[in-house]
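Below you'll find the structure, written out as structure tokens, and then a few comments.
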Amino acid sequence: MIRDCIVFGVSDIRLKEQLLRESSELTLEKAASLCRAAEESVKQLKELWKQNVDPSEPEVHVVKKPTRGESLFDCNRCGTKHAVRSCPAFGKPCHKCKRKNHFARMCQMSRNSSVDEVSENTGEANTRNDPTLELNSLFIGTITSPTTSSAWFVSVGINGTQVRFKLDTGAEANVLPFNVYSSLEISTSLQKTDVVLTSYGNFKVKPEGRVFLRCVVNEVFEGLGSMDGEYHIVVDKTVKPVIHPPRKVNSLVMVEKCDASLRLCLDPCDLNKAIQREHHRIPTAEDIATRLSGKKLFSIVDEKDGFWQIHLDEESSHLCTFNTPFGRFRFTSLPFGVCSAPEVFQKKNEALFGDIDGVKVIFDDIIVAARDEKEHDEIMAKLSERAKAENVKFNPEKLQYKVKEVKYMGNIVSESGLKPDSEKVRAILDMPLPKSKQELRSITDPLDDGQKEDGQEEEDELLSIDVDNIDAEEGFNDSF
């Protein structure tokens, strides 16, 4: 990028031509060397000129030739030849694009309505002396549609839409066609700017305005990830294997996700009885909350189809065989439903991202916490680079980026700490009052089971109610 700026920023035409001839083998060091050599030669010529001048003769600073008029140049604004600052199109609107300072017959919009990339323009002198474009300038390269397939392109997500951009390391600004901007339906309005975009050959373009957009690069948001290594399911050899009859399809379960899409899950009730689970503690939201003190900016990144990014070895893959009406198939990646999957996935993620300061992981939810914007961007850059290196993919639909408050593991995380998510609490508050013993048991039994799993021996006062002896008339009323 620095090398290109040097090449296109040189005012000496001969030196610029020399640099362009060396473009295939031109390095930054070589470009700087040629520029220094040119400067030294100019200095030496001046010294030689001074030595050859007779000091007794008077100095001549300016030589003007008598002319009838000023020099003319071909203007690409009006299509005629005229002197500098004498363009008849100055201030006149174009009948095609409605912009000012050019005639319709010279309108560039009618020739090429989109700005896809930057290409060479040989009409150097056409705009160099145009006084209407003497503003702040940013170099962008060329402005034509791509003619070769070898250009370097990348898809960038803007407002939920994928836009294909050409990467140009020598450009100083990002260019977006106005028709593409309009189609994105962006709520952010354009800001006025006096910046002029200068392409290769000194061709100038006045942009409609500037806008700051939130962009997502698809490198870590496309496809299915593939973590390094394979997982081997350890089973208890004393447990007797079970084979389900081919006519039954009870080994496969379809689960509807919150976005209405379907997730294919294994129902390995017999296999789970034989699996020896990993001994790895999974942190809770409360564990992570203690490490978020002083953080003000947060991002949440969700790993797409998390378990499927871990490969199974051949032996474990055969253990995950399932039946369908079309025959038997097996998972080659870790399926949802295997009882050891959460610990394996957590352990893998902590090994991949646990050493990055400001990054905490619970299952497939990764939280980035920082004190300021600079620290946040540095952490996100490290996380993205690590994900690309390890071929881990994220879900763009669940991305929460650089905000002061995020939803994480059923809670709201902010600068003030952890608080319950109102949407989760609302389901409990809106729960209808029980009107029968069966409805009461639907509330007390899960809570009682949860206490037993946590190893609590003392029961809550509500759970100690003898449901069978509740009087239907006295127990189930509005005051319950």
What distance do Thr332 atom OG1 and Asp313 atom CG have between them, rounded to the nearest 0.5 Å? 11.5 Å

With a 4.5 Å limit on heavy-atom distance, are the side chains of Leu224 and Lys304 in contact? no

Any Lys/Arg nitrogen of Asp305 or Arg263 sitting under 4.0 Å from an Asp/Glu carboxylate oxygen of the other? no

Between Lys206 and Val195, the two heavy atoms sitting closest are CD-O, 3.9 Å

If you define the side chain from C-beta out and look only at heavy atoms, does anything of Leu176 sit under 4.5 Å from Asn174? no

Neighbour count >12 (heavy atoms, 6.0 Å) for atom NZ, Lys296: no

Can you tell me if Arg328 and Thr321 form a side-chain donor-acceptor pair at under 3.5 Å? no

Within the side chain of Glu439, is there an N or O that forms a donor-acceptor pair under 3.5 Å with the backbone of Lys435? yes

Is atom NZ of Lys257 surrounded by more than 12 heavy atoms (other residues, nucleotides or ligands) closer than 6.0 Å? yes

Is it the case that atom CG in Asn391 sees more than 12 heavy atoms from other parts of the structure closer than 6.0 Å? yes

For Lys347, is there an ion pair with Glu350 - N to carboxylate O distance below 4.0 angstrom? no

Can you give me the closest heavy-atom contact between Asp377 and Lys402, atom names plus distance? OD1-NZ, 3.0 Å

Which heavy atom of Phe165 sits nearest a heavy atom of Val175, and at what distance? CE2-O, 3.8 Å

Please report the interatomic distance OG(Ser316) to NE2(His311), rounded to the nearest 0.5 Å. 13.5 Å

Which distance, rounded to the nearest 0.5 Å, do you find between the CZ of Arg210 and the CG of Leu190? 11.0 Å

Can you name the nearest heavy-atom pair linking Ala370 to Ile379, along with the distance? CB-CD1, 4.2 Å

With a 4.5 Å heavy-atom cut-off, do Leu399 and Ile300 have their side chains touching? no

Minimum side-chain heavy-atom gap Glu375-Lys295 below 4.5 Å: yes

Interatomic distance, Glu415 atom CD to Leu292 atom CG [nearest 0.5 angstrom]: 12.0 Å

Side chain of Asn272, backbone of Gly337: donor and acceptor closer than 3.5 Å? yes

Output for pair (Leu264 CG, Met254 CE), nearest 0.5 Å, gives 5.5 Å

Taking the side chain as everything from C-beta on, heavy atoms only, tell me whether Ile275 gets closer than 4.5 Å to Pro268. no

Answer with yes or no whether the side chains of Thr284 and Asp287 bring together a donor and an acceptor at under 3.5 Å. yes

Mutual orientation of the aromatic rings belonging to Phe336 and Trp308 [parallel < 30°, tilted 30-60°, perpendicular > 60°]: perpendicular

Distance-only, no hydrogens or angles: does the Ser33 side chain make a donor-acceptor pair with backbone N or O of Glu29 under 3.5 Å? no

Within a strict 4.5 Å, meaning less than it, do heavy atoms of the Phe345 and Glu303 side chains meet? yes

For residues 351-368, dump all side-chain donor-acceptor pairs below 3.5 Å to protein atoms at least two apart in sequence or in another chain.
residue: Asp355; atom: OD1; partner: Arg386; partner atom: NH1; Å: 2.9
residue: Asp355; atom: OD2; partner: Arg386; partner atom: NH2; Å: 3.4

Can you give me the closest heavy-atom contact between Asn411 and Ala285, atom names plus distance? ND2-CB, 3.6 Å

Between Phe329 and Leu252, is the side-chain contact (heavy atoms from CB on, under 4.5 Å) condition met? List the steps. CA-CA 11 Å; Phe329 297 86; Leu252 202 62; over 6 Å; no

Side chain proximity check, Leu184 to Val163, heavy atoms < 4.5 angstrom: yes

For a 4.5 angstrom cut-off between non-hydrogen side-chain atoms, does Leu312 reach Pro335? yes

Please determine whether side-chain contact (heavy atoms from CB on, under 4.5 Å) holds for the pair Val239 and Asp270, giving the CA-CA distance in whole Å, both sets of side-chain angles, and the decisive distance to 0.1 Å. CA-CA 9 Å; Val239 178; Asp270 298 302; over 6 Å; no

Does Gln191 have more than 12 heavy atoms from other residues, nucleotides or ligands lying within 6.0 Å of its CD? yes

Kindly determine whether Glu385 and Lys388 satisfy salt bridge (charged side-chain N to carboxylate O under 4.0 Å, His left out), including the steps that lead there. CA-CA 5 Å; Glu385 289 299 324; Lys388 285 191 291 184; 3.1 Å; yes

Using 30° and 60° as the class boundaries, would you call the ring planes of His376 and Tyr401 parallel, tilted or perpendicular? perpendicular

From Lys407 atom NZ to Ser414 atom OG, the distance as rounded to the nearest 0.5 Å: 13.5 Å

Evaluate whether atom NZ of Lys404 has more than 12 neighbouring non-hydrogen atoms of other residues, nucleotides or ligands under 6.0 angstrom away. no

Would you check, one step at a time, whether the test salt bridge (charged side-chain N to carboxylate O under 4.0 Å, His left out) holds for Lys348 with Glu278? CA-CA 12 Å; Lys348 191 75 173 179; Glu278 296 272 339; over 6 Å; no

Using every non-hydrogen atom in the two residues, find where Gln346 and Pro283 come nearest and quote the distance to one decimal. NE2-CD, 3.5 Å

Before giving the answer on side-chain contact (heavy atoms from CB on, under 4.5 Å), spell out for Asp302 and Gln400 the whole-Å C-alpha distance, their side-chain angles and the decisive distance to 0.1 Å. CA-CA 9 Å; Asp302 178 84; Gln400 303 176 59; over 6 Å; no

